[in-house]
Amino acid sequence: ENSHISALSAKHAGLDARIKAESSRPMPDTTLVASLKAEIAAEGIAHELVGHGFQHRNGTLELLSGLNAECEASLYEMKVFQDLGVDMLS
């Protein structure tokens, strides 16, 4: 799972780099920038709803420290996407 988290972090960094590069052009493609930002936002929303939603339902959200809650939420999120057959890395 750690390699999966590393891959997701790399994907996010790549999206951030593409946003920065496009935004620094003299005439940036605002549609592309908006699409890349929406992709980042969608990942964040999925993490909050799926990951922390499972924790809330299971009654563990309030019991975990910040980092532990985030790690567990990421694992729940990955599991749901795997069950749905969604490739989170593309």
Side-chain angles (χ1 to χ4, degrees):
E1 299 299 330
N2 192 24
S3 63
H4 194 77
I5 292 170
S6 295
L8 287 173
S9 295
K11 178 186 175 190
H12 194 156
L15 291 170
D16 284 337
R18 288 179 62 196
I19 290 168
K20 184 176 180 180
E22 186 63 35
S23 297
S24 66
R25 292 180 43 185
M27 294 190 65
D29 181 343
T30 56
T31 302
L32 175 61
V33 172
S35 175
L36 295 170
K37 287 181 177 182
E39 189 172 341
I40 291 172
E43 290 174 4
I45 291 168
H47 173 80
E48 295 300 318
L49 290 176
V50 174
H52 294 303
F54 271 102
Q55 291 172 326
H56 179 72
R57 185 194 71 187
N58 295 337
T60 59
L61 183 58
E62 295 79 19
L63 303 175
L64 297 170
S65 67
L67 184 57
N68 288 334
E70 291 304 318
C71 289
E72 184 183 63
S74 293
L75 293 174
Y76 280 128
E77 178 187 6
M78 286 186 283
K79 174 69 173 125
V80 168
F81 283 128
Q82 287 172 353
D83 290 349
L84 294 173
V86 174
D87 181 6
M88 293 177 57
L89 302 179
S90 62

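Model, not experiment: these values are computed from the prediction.
- Distance check, rounded to the nearest 0.5 Å: CD of Glu72 to OG1 of Thr60 gives 4.5 Å.
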Between Glu39 and Lys11, does a salt bridge (Lys or Arg N to Asp or Glu O under 4.0 Å) hold up when you go through it step by step?
CA-CA 11 Å; Glu39 189 172 341; Lys11 178 186 175 190; 3.3 Å; yes
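- One finds the OH atom of Tyr76 at 11.5 Å from the NZ atom of Lys79 (value rounded to the nearest 0.5 Å).
- For the pair Lys20 and Asp16, the salt-bridge criterion is not met [side-chain N within less than 4.0 Å of a carboxylate O].
- For residues 44-54, the set of pairs meeting the side chain to side chain donor-acceptor pair (under 3.5 Å) definition, not counting sequence neighbours, comprises His47-His52, His47-Glu70, His47-Glu77, His52-Gln55, His52-Glu70.
- Cluster partners of Ile40, using a side-chain heavy-atom cutoff of under 4.5 Å among ILVMFWY residues and allowing indirect links, are Leu15, Ile19, Leu32, Val33, Leu36.
- A continuous path of ILVMFWY side-chain contacts below 4.5 Å connects Leu84 to Phe54, so both sit in one hydrophobic cluster.
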